[in-house]
There are 2 protein chains.
Amino acid sequence: MPAEANKRLCDIGEDELIARLIAGLRMDDSVLCGPGDDCAVLTGASPEWLDLLKTDVVVEHVHFASDADPEQVGWKALARPLSDIAAMGGLPTAAVVTIVTPDHLPLSQAVGWYRGMQKVAQTYGFSVVGGESSSSPADHAVISVSMTGRVEPDRCIYRSGAKQGDAILVTGRLGGSLPSGRHLNFQPRLTESRWLGEFFKINAMMDLSDGLAKDLPRMMKLSKMGYHINVENLPCHHGVDAQAAMGDGEDYELLFTVTRELVPELLMAWQQQFADQLDLTVIGEVVAATKSDGQLSGGWDHFDNKKSSSTSS
Amino acid sequence: MPAEANKRLCDIGEDELIARLIAGLRMDDSVLCGPGDDCAVLTGASPEWLDLLKTDVVVEHVHFASDADPEQVGWKALARPLSDIAAMGGLPTAAVVTIVTPDHLPLSQAVGWYRGMQKVAQTYGFSVVGGESSSSPADHAVISVSMTGRVEPDRCIYRSGAKQGDAILVTGRLGGSLPSGRHLNFQPRLTESRWLGEFFKINAMMDLSDGLAKDLPRMMKLSKMGYHINVENLPCHHGVDAQAAMGDGEDYELLFTVTRELVPELLMAWQQQFADQLDLTVIGEVVAATKSDGQLSGGWDHFDNKKSSSTSS
């Protein structure tokens, strides 16, 4: 590891980079939740709603291939932050878009991105209200999207609220998002999240973007809890094994916890509400907080997952 | 000009590109002002405030040089959208930041950007509440910032409100922003804008980012008005001529119009409030709308400005 003054971004992980960047930021009293959750949460102009704010980005060659359908790229660019609004239990209100592109980009491609974004906005009931464009000295494109939303104060669901003994659940199925193309046309779980928040006390929630093996430990760390996952219970997409379901990422499913006693009623109500459309699976439970060495307790039964063991157990 | 299907972004101007991109967007009823003004304006959760939303971006090699002071780059990245919040007459509430950078970027540089952004937030009373980072396949950095704000419904100032006979005024001095380095450490005119909105009926306002010669015609086009500028009256920075004052850009001063009758009182009150700190200059007037050919009437006295004549007169 190079000396502090000579460090480059590649010398530290993403989580440490973010920790370094935000270390000097100061939150004023209006900020109920700053960096670290799916969205920032602020007191709004009305006591009946909290304001949500999220920014996200997709980069050509990193998040989408150059030959991907532009409309699907636009869908993904906007559906990703919408998934974060859903993960707070909120409703979307508006989005703004910045594109940074080489001058030689075909006009039809940029127009296609916007068509895909308008589709998301129309499907989920909000508007893309503005944007910005800049030419880029590079030959790849960047689409940066920011979203606002709102949520009732008693229905805002943070990552940090998991309690010992909670059941851990996940919507849908996991894994294989990139090879199947699902990462370009997934449905953010907005309807499901609003339904969950209306009828059940959800203790903690996030959306799965980097994969269960990375994301679950983040949620549990914020909750100061450990976890125990039954890997054999993981709902895998067809042709995907448990390792891929944990590590592939880009699932954009909801990961959440509820008091164990609620589970039978929740599963029955879910079945009635979303029958055949979307699975809901109990994958594990929240366990006692930290081990003696200060590390989180994390267990992945019948499974030797190096990623998870290096970050959390 | 290539056939429509083969067009690239470089084949059309920035204004036409934006027009093409937003053509398919649909605004729902909550959107009072979509793309085209300094910020988007939406009805908020409280009838006492409108919501403002803005996104902006700075790109290395385009908006800042690689050897620029990182703290000043961060200042600029956040002060630019703040200037847009000010241009609506509003107050900032929060910002989110996305950085897209090559992996070999020195950590100290990214940390410096954030330090500069925190300075803006602290100076102007809001918080940077989150962000996102992505590695870039290119060797230059992109900093994309989005801001939220709010404004009282009767104090929201659009570009479109200029009226025939209005005086056109500009704060501060213009020109030479890039060579002087002012583009990296300018003060957004938030205090001045709030003061203007509190004590005077401002009919139209915007901030000057692309230069008077480009920006004024945009405001007048949205107001469906023409303009007449006394070029000899332009408040130029020391060592800058009128042509540079009109064309250089990156001034981030306020350009606004008020009923002519208000001008003496406004200038006197300004003098008392901001004496010696900041100029306020009447630079021209709003004139009858369009010429017979549908083009805007635009006049730049004693001045042969090709940019303005090609876009507006």
Side-chain angles (χ1 to χ4, degrees), chain A residues 5 7-10 12 14 17-18 20-21 24-28 31 34-35 40 42 44-46 48-49 53 55-57 59 61-62 93-94 96 98 100-101 103-108 110-111 114-115 118 122 126-138 140 142 144 146 148 150, chain B residues 5 7-10 12 14 17-18 20-21 24-28 31 34-35 40 42 44-46 48-49 53-57 59 61-62 93-94 96 98 100-101 103-108 110-111 114-115 118 122 127-138 140 142 144 146 148 150:
Chain A
K7 272 189 186 165
R8 296 176 179 273
L9 301 196
C10 50
I12 60 176
E14 189 192 347
L17 170 61
I18 290 170
R20 294 289 193 99
L21 295 180
L25 298 181
R26 298 287 166 261
M27 302 299 139
D28 64 39
V31 184
L42 295 103
S46 155
E48 287 165 44
W49 295 94
L53 183 55
T55 188
D56 193 50
V57 67
V59 179
H61 305 316
V62 178
T93 51
V96 284
T98 289
V100 182
T101 57
D103 287 340
H104 59 75
L105 188 90
L107 178 60
S108 60
V111 168
Y114 269 72
R115 204 181 302 123
Q118 170 59 25
Q122 195 164 327
F126 64 96
S127 304
V128 177
V129 296
E132 182 70 15
S133 71
S134 172
S135 68
S136 168
H140 69 280
V142 171
S144 171
S146 294
T148 57
R150 61 179 67 149
Chain B
K7 273 188 185 164
R8 295 174 181 274
L9 300 195
C10 50
I12 60 177
E14 189 192 349
L17 170 61
I18 290 170
R20 294 289 193 101
L21 296 181
L25 298 180
R26 298 286 166 263
M27 302 300 141
D28 64 39
V31 184
L42 295 103
S46 155
E48 287 164 44
W49 295 95
L53 184 56
K54 173 68 186 181
T55 188
D56 194 48
V57 67
V59 179
H61 303 316
V62 178
T93 50
V96 284
T98 289
V100 182
T101 57
D103 287 339
H104 59 75
L105 188 90
L107 178 59
S108 60
V111 168
Y114 269 71
R115 204 181 302 123
Q118 171 58 25
Q122 195 165 329
S127 304
V128 177
V129 295
E132 183 70 15
S133 72
S134 173
S135 67
S136 168
H140 69 280
V142 171
S144 171
S146 295
T148 56
R150 60 179 66 150

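Since we're looking at a predicted model, the values are computed, not measured. Here is the naming used below: chain letters follow the sequence lines, and residue numbers restart at 1 for every chain.
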Checklist line | Side chain, backbone, both or neither of T101(A) within contact of chain B (heavy atoms, under 4.5 Å) | finding: side chain
Next item on the list: Heavy atoms only, distances under 4.5 angstrom: which of V96(A), T55(A), L17(A) has the most pairs with chain B? Name it, please.
Entry: T55(A)
Note to self: Heavy-atom cut-off 4.5 Å, strictly under: side chain, backbone, both or neither for T148(A) against chain B?
What the structure shows: side chain
Next item on the list: Rounded to the nearest 0.5 Å, what's the gap from OG on S146(B) to CG on D56(A)? Could you check?
Entry: 11.0 Å
Margin query: For a quick test of reading the model, state the closest non-hydrogen atom pair linking E132(A) to V57(B) and the distance between them.
Written below: CG-CG1, 4.0 Å
Next item on the list: Quick one: which of V111(A), L53(A), V100(A) has the most heavy-atom pairs under 4.5 Å with chain B, could you say?
Entry: L53(A)
Next item on the list: Flag the one option from P137(B), C10(B), S133(B), G130(B) with the top tally of heavy-atom pairs under 4.5 Å to chain A.
Entry: P137(B)
Checklist line | Stepwise side-chain contact (heavy atoms from CB on, under 4.5 Å) test for S136(B) and H140(A) | finding: CA-CA 9 Å; S136(B) 168; H140(A) 69 280; 3.4 Å; yes
Next item on the list: Could you tell me which portion of V62(A) (side chain, backbone, both or neither) has an atom closer than 4.5 angstrom to a non-hydrogen atom of chain B?
Entry: side chain
Notebook entry, point to check: Which atoms of R26(A) come close to chain B, meaning under 4.5 Å heavy atom to heavy atom: side chain ones, backbone ones, both, or neither?
Noted result: both
Notebook entry, point to check: Between Y114(B) and L21(A), what is the shortest heavy-atom contact and its length?
Noted result: CD2-O, 3.3 Å
Next item on the list: Tell me, for V128(A) versus chain B, whether the close heavy atoms (under 4.5 Å) come from the side chain, the backbone, both or neither.
Entry: both
Margin query: For a quick test of reading the model, state the closest non-hydrogen atom pair linking D103(B) to R8(A) and the distance between them.
Written below: O-CB, 4.1 Å
Next item on the list: Identify which part of H61(B) has an atom lying under 4.5 Å from any heavy atom of chain A, answering side chain, backbone, both or neither.
Entry: side chain
Margin query: For chain B, which candidate among P106(A), A40(A), G34(A) shows the most heavy-atom pairs at distances under 4.5 Å?
Written below: P106(A)
Next item on the list: Please determine, among S108(A), G131(A), G24(A), the option with the most heavy-atom pairs under 4.5 Å with chain B.
Entry: G24(A)
Item checked: R150(A) to A45(B) - nearest heavy-atom pair and separation -> NH2-N, 3.7 Å
Notebook entry, point to check: Can you say whether L42(B) sits under 4.5 Å from chain A via the side chain, the backbone, both, or neither, judging by heavy atoms?
Noted result: side chain
Margin query: Counting C-beta onward and ignoring hydrogens, is there a side-chain heavy-atom pair between V129(A) and M27(B) closer than 4.5 Å?
Written below: yes
Next item on the list: For chain B, find which of S135(A), A5(A), A110(A), S46(A) contributes the most heavy-atom pairs closer than 4.5 angstrom.
Entry: S46(A)
Note to self: Minimum heavy-atom separation for D28(A) and S127(B), please, with both atom names.
What the structure shows: N-OG, 2.8 Å
